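Working notes, structure below.
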Amino acid sequence: MEKHYDVIVIGGGASGMMSAGVAGARGKKVLLLEKNERLGEKLRISGGGRCNITNAEEDVRVLLKNYGDAEQFLYSSFSQFGVKDTFSFFETLGLPLVVQARNRAFPHTEKASDVVKVMTKYLKDNKVEVETATKVSRIVTEKGKVMSVVCGKNTYTADSFIVATGGVSHPETGSTGDGFNWLKALGHKVERPTPTIVPLSVKESWVHALSGKSLTFMKITFFKDGKKRFSKTGKILFTHFGLSGPLILNSAGAVGDLLQDGLVTATIDSYPDTTEKDLENKIIKIFDTNKNKNLKNVLDEIMPHGTADAFNKIIPSIDVETKVHSVTKDERKTMVKTLKALPITITGLMGFDRAVVADGGVTLTEIDTKTMKSKLFKNLFITGDLLHITRPSGGYSLQLCWTTGFVAGSSV
Ligand SMILES: Cc1cc2nc3c(=O)[nH]c(=O)nc-3n(C[C@H](O)[C@H](O)[C@H](O)COP(=O)(O)OP(=O)(O)OC[C@H]3O[C@@H](n4cnc5c(N)ncnc54)[C@H](O)[C@@H]3O)c2cc1C
């Protein structure tokens, strides 16, 4: 069976839905093919289910600084559809956005599933034909043009094709790298993906013991072979394998580089705005008012919130059953030093299965970023995570999907 369309979009994630809807709104006959049973699986888990849908930095020059080497390439696409446009687009769809700390914007309901809902309606309103549970197995080309896509026994032809199959992070959502393989086979230069926004695995069992706890104001300093490299301050999430949270995710790219050829360690300062002297005075005060208690009964007041139970593992040399008045000056100083520099050994980056973003993908020199059209195939457009663009967490990835999706949908 063969069917012909103006536009075929492969992949029903953020960028695929956007491009299909925009092309449909222009009156194009559009088919969206998605291999999962439903659209937007990765969108649904974005931002921990709340969906950090964009970053509210409205100055495009400032915003684009976050996209590394891609900055220059992205001006023309962001001038067609930028952050302001994302705000009004979702507002028009009945899902206004709210801005929270660090410029991160969320749907006002804070539900990623609502983003999928309004995007699905957008597709329907613009008469996009959606076929889920339909896996594209092959892209057929001839003389610099894409001719058709093959899905099992069916072949679909179109005038233009948008590939929006995503990258390789969290493959259970459907992003299994199919697009990378096709585009490479078609002659595109595809950079090898590496997880960039990804949690870190660490050796220390006290970290694993704190799994599920998060601490909002910590300073972490990374060292390579004992030499200080860089520090960041913010929220850290402890997990059963190591460390996560925005601060860690955004350090992972640089930590990955350090891990190439050396031992990477870190220290966490759990009182970044308190000097050692002030922290010691605070502990002395607590000890003075609780002289006859066991140390374990005052740890809640000394340790960062929720971490007292891990004290045994963090400083095994001090017995928590000791009476406070028997804690020696040296032990007190050890406590202060440790709280100001909790020692961590980084054993690696977690894999693609836990990565929020992996870089890699088609290099931007092979894309006309005014249209998102491939420079090798005149009717092939490429969007979203398929593009080799590094960026931090904070809404920048989804904004890239809305922008590239809009530009491709407007250009087909
Ligand atoms: C845990 C997590 C949290 C995140 N949180 C945020 C956040 O809060 N803010 C933010 O900006 N970014 C976030 N991101 C990143 C963001 O979700 C992605 O950048 C974005 O969803 C990528 O969209 P996409 O359209 O490029 O591809 P995807 O969403 O990966 O969609 C690709 C689609 O193509 C389909 N597909 C693949 N192969 C085929 C095939 N052969 N045939 C048919 N269909 C196929 C897949 O099933 C999938 O549905 C997060 C990512 C993860 C993993």
Side-chain angles (χ1 to χ4, degrees), residues 8-20 31-56 66-67 83 86 100 102-107 110 112 115-116 119 130-139 149-152 154 156 161-183 193 195-199 244 246 249 350-359 361-362 372 382-387 389-405 408:
I8 289 178
V9 179
I10 313 171
S15 70
M17 287 195 275
M18 183 62 151
S19 60
L31 172 66
L32 172 60
L33 299 167
E34 166 53 54
K35 72 175 171 186
N36 288 330
E37 299 284 331
R38 55 181 193 172
L39 298 170
E41 287 296 359
K42 187 170 281 177
L43 249 184
R44 291 172 203 272
I45 60 164
S46 290
R50 296 197 303 133
C51 193
N52 180 190
I53 199 164
T54 184
N55 187 284
N66 292 286
Y67 294 96
V83 167
T86 302
Q100 297 186 1
R102 285 173 282 122
N103 262 353
R104 292 170 312 146
F106 295 83
E110 298 193 30
V115 181
V116 181
M119 288 305 291
V130 177
E131 283 202 23
T132 52
T134 305
K135 183 177 176 197
V136 173
S137 55
R138 209 150 60 86
I139 297 185
V149 294
V150 180
C151 310
N154 296 331
Y156 301 95
F161 294 81
I162 299 174
V163 186
T165 47
V168 289
S169 67
H170 277 259
E172 80 285 0
T173 62
S175 328
T176 47
D178 296 11
F180 287 166
N181 297 334
W182 298 327
L183 294 165
T196 49
I197 303 186
V198 65
S244 189
L249 295 172
M350 295 304 287
F352 291 119
D353 53 338
R354 304 227 183 234
V356 172
V357 169
D359 67 359
V362 177
M372 302 321 295
I382 300 169
T383 62
D385 279 4
L386 273 174
L387 302 162
I389 299 172
T390 39
R391 66 271 179 188
S393 76
Y396 302 101
S397 296
L398 282 172
Q399 181 57 50
L400 205 54
C401 290
W402 311 130
T403 297
T404 56

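Both counts, for ligands and for their atoms, begin at 1 and track the order of listing. For clarity, every value in this text was computed on a predicted model and none was experimentally measured.
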N/O to N/O below 3.5 Å, does that happen between L398 and ligand 1?
yes
What is the nearest protein non-hydrogen atom to atom 5 (N) of ligand 1, stated with its residue, atom name and distance?
G47 N, 2.8 Å
So for W182 against ligand 1, with non-hydrogen atoms under 4.0 Å, the contacting part is side chain
Below 4.0 angstrom from a heavy atom of S15, which ligand 1 atoms are there? Numbered from 1 as shown, please.
24 (P), 25 (O), 26 (O)
Any donor-acceptor pair under 3.5 Å from Y156 side chain to L33 backbone
no
Among all protein non-hydrogen atoms, which one is nearest to atom 31 (O) of ligand 1, and what is the separation to 0.1 Å?
G13 CA, 3.4 Å
Test item: T196 side-chain N/O and V357 main-chain N/O as donor-acceptor pair under 3.5 Å:
yes
Pairwise distance CD(E172) to CZ(F352) - rounded to 0.5 angstrom:
13.5 Å
Among all the protein's non-hydrogen atoms, which is closest to atom 23 (O) of ligand 1, and how far away is it?
C401 SG, 3.3 Å
N52-ligand 1 polar pair, N/O distance under 3.5 Å
yes
Compute the shortest N/O to N/O distance between T383 and ligand 1 and return yes if it is under 3.5 Å, no if not.
no
Does R50 count as lying over the ring of F106, i.e. NZ or CZ under 6.0 Å from the six-ring centre, within 45 degrees of the axis?
yes
Identify the closest protein heavy atom to atom 37 (C) of ligand 1: which residue and atom is it, and at what distance?
G174 O, 3.2 Å
Within-cut-off N or O pair, I10 and ligand 1, under 3.5 Å
no
Is there a donor-acceptor pair closer than 3.5 Å between any side-chain N or O of T134 and the backbone N or O of T132?
yes
One pair to check against side-chain hydrogen bond (donor to acceptor under 3.5 Å, both in side chains): T173 and E41. What are the steps and the verdict?
CA-CA 5 Å; T173 62; E41 287 296 359; over 6 Å; no
Side-chain H-bond candidate by donor/acceptor type, T383 with T404, under 3.5 Å:
no
Out of D178, I389, V149, whose heavy atom is nearest to atom 41 (N) of ligand 1?
D178
Side chain or backbone of T173 under 4.0 Å from ligand 1, or both, or neither, by non-hydrogen atoms?
backbone
Among all protein non-hydrogen atoms, which one is nearest to atom 13 (C) of ligand 1, and what is the separation to 0.1 Å?
S46 OG, 4.0 Å
Checking heavy atoms under 4.0 Å, the part of A164 that sits near ligand 1 is backbone
Taking the side chain as C-beta and beyond, is there a heavy-atom pair between E131 and L31 under 4.5 Å?
yes
A355 heavy atom under 4.0 Å from ligand 1:
yes
For atom 22 (C) of ligand 1, closest protein heavy-atom neighbour
D385 OD2, 3.3 Å
Could you check atom 48 (C) of ligand 1 against the protein and tell me its nearest heavy-atom contact, residue, atom and distance included?
E34 OE1, 3.4 Å
Quick check on contacts: which atoms of ligand 1 are under 4.0 angstrom from a heavy atom of G384?
26 (O)
Would you mind telling me if ligand 1 is within reach of the side chain of K35, the backbone, both or neither, using heavy atoms under 4.0 Å?
both
Min N/O separation H170 to ligand 1 under 3.5 Å:
no
Within the structure, does N36 bring an N/O atom to less than 3.5 angstrom of an N/O atom in ligand 1?
yes
Say whether, by atom type as modelled, one donor and one acceptor occur between the side chain of R391 and the main chain of I389 under 3.5 angstrom.
yes
Only one of H170, K135, K35 passes side chain to side chain donor-acceptor pair (under 3.5 Å) with T176, and that residue is K35
N103: which residues meet the side chain to side chain contact (heavy atoms under 4.5 Å, CB included) condition with it, sequence neighbours left out?
N55, A56, E57, V99
Evaluating non-hydrogen atoms only, which member of I53, V136, L386 is closest to atom 42 (N) of ligand 1?
V136
Ignoring angles and geometry beyond distance, decide whether E41 reaches within less than 3.5 Å of ligand 1 through its nitrogen or oxygen atoms.
no
For ligand 1, the portion of L400 having any non-hydrogen atom under 4.0 Å away
neither
Got a second to check how far L400's CG is from L387's CG, nearest 0.5 Å?
6.5 Å
Please state which protein non-hydrogen atom is closest to atom 51 (C) of ligand 1 and give its distance, to 0.1 Å?
V356 O, 3.1 Å
Backbone N or O of P199 within a donor-acceptor pair of the S244 side chain at under 3.5 Å?
no
K135 heavy atom under 4.0 Å from ligand 1:
yes
Using atom types as modelled and distance alone, determine if a side-chain donor or acceptor of N52 lies under 3.5 Å from a backbone N or O of G395.
yes
Whether the K42 and S169 side chains hold a donor-acceptor pair (N or O, under 3.5 Å, no angle test) is what I'd like checked.
yes
